[in-house]
Amino acid sequence: MVQRIDVTGAGGVRLAAWQFREPAAGADPRPGVLLLHGLMGRASHWAGTAHWLGERRRVVALDQRGHGHSDRPSAGAAPHTALGREAFVADAEAAVEQLGLAPVTLIGHSMGALTAWQLAARRPDLVAALVICDMRASALGAASQRDWEDWFHLWPLPFPTQDAARRWFGEDDPRVERPDPGRGAFFAEVMHESSDGWRPLFSRRQMLTVRETWVHDAHWDELTQVRCPTLVVRGLDGELGRAEAQEMVRVLPAGRYAEIPDAGHYLHYDQPAAWRAVLEPFLDDIHAPAP
């Protein structure tokens with residue numbers, strides 16, 4: 001049974017957190033896992049991961065501000081403050097503390113991974129372990145941001161049906177080089193039915209603002225400050241290249257590396273078995289009792 005738990009984030013923003021199941025009797029009694037989705041994602045994208053993780057641990061997924069069922073900062077709020085890095089990290093910190101998850105294992109995808117390692121760097125007392133899923137530490141630059149703005153203008157909104165959204169993002173989107181059913185399903189899940197058709201749960205303008213706050217900067221310094229065991233996972237066809245991923249592992253004091261073949265950026269979502277095969281041994285290892 002999925003249980004919703006509201007969290008008060010930075011600046012009083014209401015955040016929706018989701019516990020997907022009650023751990024089984026005899027589950028690991030130690031504090032839990034917080035799952036952080038990427039830009040334009042939502043907590044429900046972690047449902048498959050949470051289902052098996054929740055057999056042995058307490059697992060919570062967070063709808064980050066501006067996403068899913070969490071509040072969007074008001075239009076009157078200073079956008080680079082209300083949607084900046086400090087706010088996202090403070091929200092994750094609030095979720096860990098208010099839900100009693102510390103010392104937590106943070107598992108983040110893309111933007112959520114950046115939030116996770118920034119929190120781990122700033123509050124090592126709260127974080128026991130970290131998983132970084134397909135997120136770069138290097139700066140992406142202004143050209144990347146312009147490309148995203150151009151891409152948003154191509155979205156044929158509203159979609160007449162949710163299935164039409166699935167087809168467009170998986171097959172017809174000009175950024176798709178070959179059909180990608182997992183990508184289509186990922187984006188279909190963030191659409192909701194409105195009076196004139198299917199539209200995203202988020203504001204595209206706000207998503208550009210959120211992205212603007214990290215794409216121009218490199219994040220290596222904070223990565224080197226992470227002291228806990230950390231797994232860096234990339235999809236073979238994802239956005240994080242092998243050389244950069246391995247350099248991230250090298251600068252981490254306790255870094256480990258894994259990659260998943262036949263996977264793109266949404267590897268945890270469209271390759272759940274392979275994702276579990278690399279994630280579960282890492283979690284079992286770091287939680288193994290001392291000899």
Side-chain angles (χ1 to χ4, degrees), residues 1-21 32-51 53-54 59-75 77 79 82-85 87-96 98-99 101 104 106-116 119 133-135 152 155 157-159 162 165-166 169 182-194 197-211 213-214 265-266 268-270 272:
M1 182 179 69
V2 180
Q3 178 187 4
R4 173 172 169 166
I5 312 165
D6 283 350
V7 171
T8 302
V13 170
R14 182 194 56 80
L15 306 170
W18 306 87
Q19 184 166 296
F20 282 86
R21 61 180 296 173
V33 177
L34 181 65
L35 303 167
L36 298 170
H37 62 73
L39 186 70
M40 302 182 294
R42 62 185 304 186
S44 62
H45 282 142
W46 291 111
T49 299
H51 179 74
L53 273 178
V59 180
V60 175
L62 183 68
D63 275 336
Q64 296 179 79
R65 60 176 54 215
H67 295 75
H69 290 277
S70 289
D71 286 347
R72 296 182 187 180
S74 67
L83 295 168
R85 286 283 83 219
F88 280 89
V89 175
D91 287 348
E93 180 180 7
V96 172
Q98 291 175 33
L99 300 178
L101 296 171
V104 71
L106 295 174
I107 301 176
H109 171 243
S110 194
M111 176 194 75
L114 176 58
T115 300
L119 178 57
C133 180
D134 214 62
M135 179 61 187
F152 277 151
W155 289 22
L157 296 176
F159 291 101
Q162 190 175 31
R166 180 180 294 105
F169 286 103
R183 185 177 188 270
F186 183 97
F187 279 98
E189 194 169 330
V190 296
M191 297 291 156
H192 71 111
E193 190 171 14
S194 59
W198 289 78
R199 294 181 176 275
L201 286 164
F202 48 80
S203 158
R204 288 174 294 167
R205 177 185 55 79
Q206 286 196 348
M207 294 301 100
L208 283 173
T209 300
V210 170
R211 197 172 185 272
T213 66
W214 89 69
H265 183 57
Y266 307 101
H268 65 299
Y269 188 77
D270 62 15

Has the side chain of [X] got a donor or acceptor atom that lies under 3.5 Å from a matching backbone atom of [Y]?
| X | Y | value |
| --- | --- | --- |
| D134 | S110 | no |
| R211 | M111 | no |
| D63 | H69 | yes |
| Q162 | A188 | yes |
| D71 | V13 | no |

Is [Y] close to [X] at the side-chain level, that is, under 4.5 Å between some pair of heavy atoms?
| X | Y | value |
| --- | --- | --- |
| Y269 | H109 | no |
| F186 | H265 | no |
| H37 | L35 | no |
| L39 | H67 | yes |
| I107 | W46 | yes |
| L157 | P200 | yes |

Restricting to non-hydrogen atoms, name the atom on [X] and the atom on [Y] that form the minimum distance, rounded to 0.1 Å.
| X | Y | result |
| --- | --- | --- |
| A87 | A10 | O-CB, 4.2 Å |
| R65 | P73 | NH1-CG, 4.0 Å |
| A92 | L34 | O-CD2, 4.1 Å |
| E189 | S44 | OE2-OG, 2.5 Å |

Nearest 0.5 Å, please: how far is [atom2] in [Y] from [atom1] in [X]?
| X | Y | atom1 | atom2 | answer |
| --- | --- | --- | --- | --- |
| L114 | L36 | CG | CG | 10.5 Å |
| F88 | L62 | CZ | CG | 10.0 Å |
| Q64 | L15 | CD | CG | 8.5 Å |
| Q98 | E93 | CD | CD | 10.0 Å |

- request: Using side-chain contact (heavy atoms from CB on, under 4.5 Å) as the criterion, point out the one residue from M40, R199, H45 that pairs with V190.
  value: H45

- request: Applying side chain to side chain donor-acceptor pair (under 3.5 Å), name anything that partners H51, two or more places apart in sequence or on another chain.
  value: none

task: Fit a plane to each ring of F159 and F169, take the angle between them on a 0 to 90° scale, and name the class: parallel (under 30°), tilted (30 to 60°) or perpendicular (over 60°).
output: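 F159 and F169: tilted rings.
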
- request: Please state whether the rings of F187 and W155 are parallel, tilted or perpendicular, taking 30° and 60° as the class boundaries.
  value: perpendicular

Partner residues of F202 under the ring pair (Phe, Tyr, Trp, His ring centres under 6.0 Å) criterion, sequence neighbours left out: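 Partners of F202 under the ring pair (Phe, Tyr, Trp, His ring centres under 6.0 Å) test: none.
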
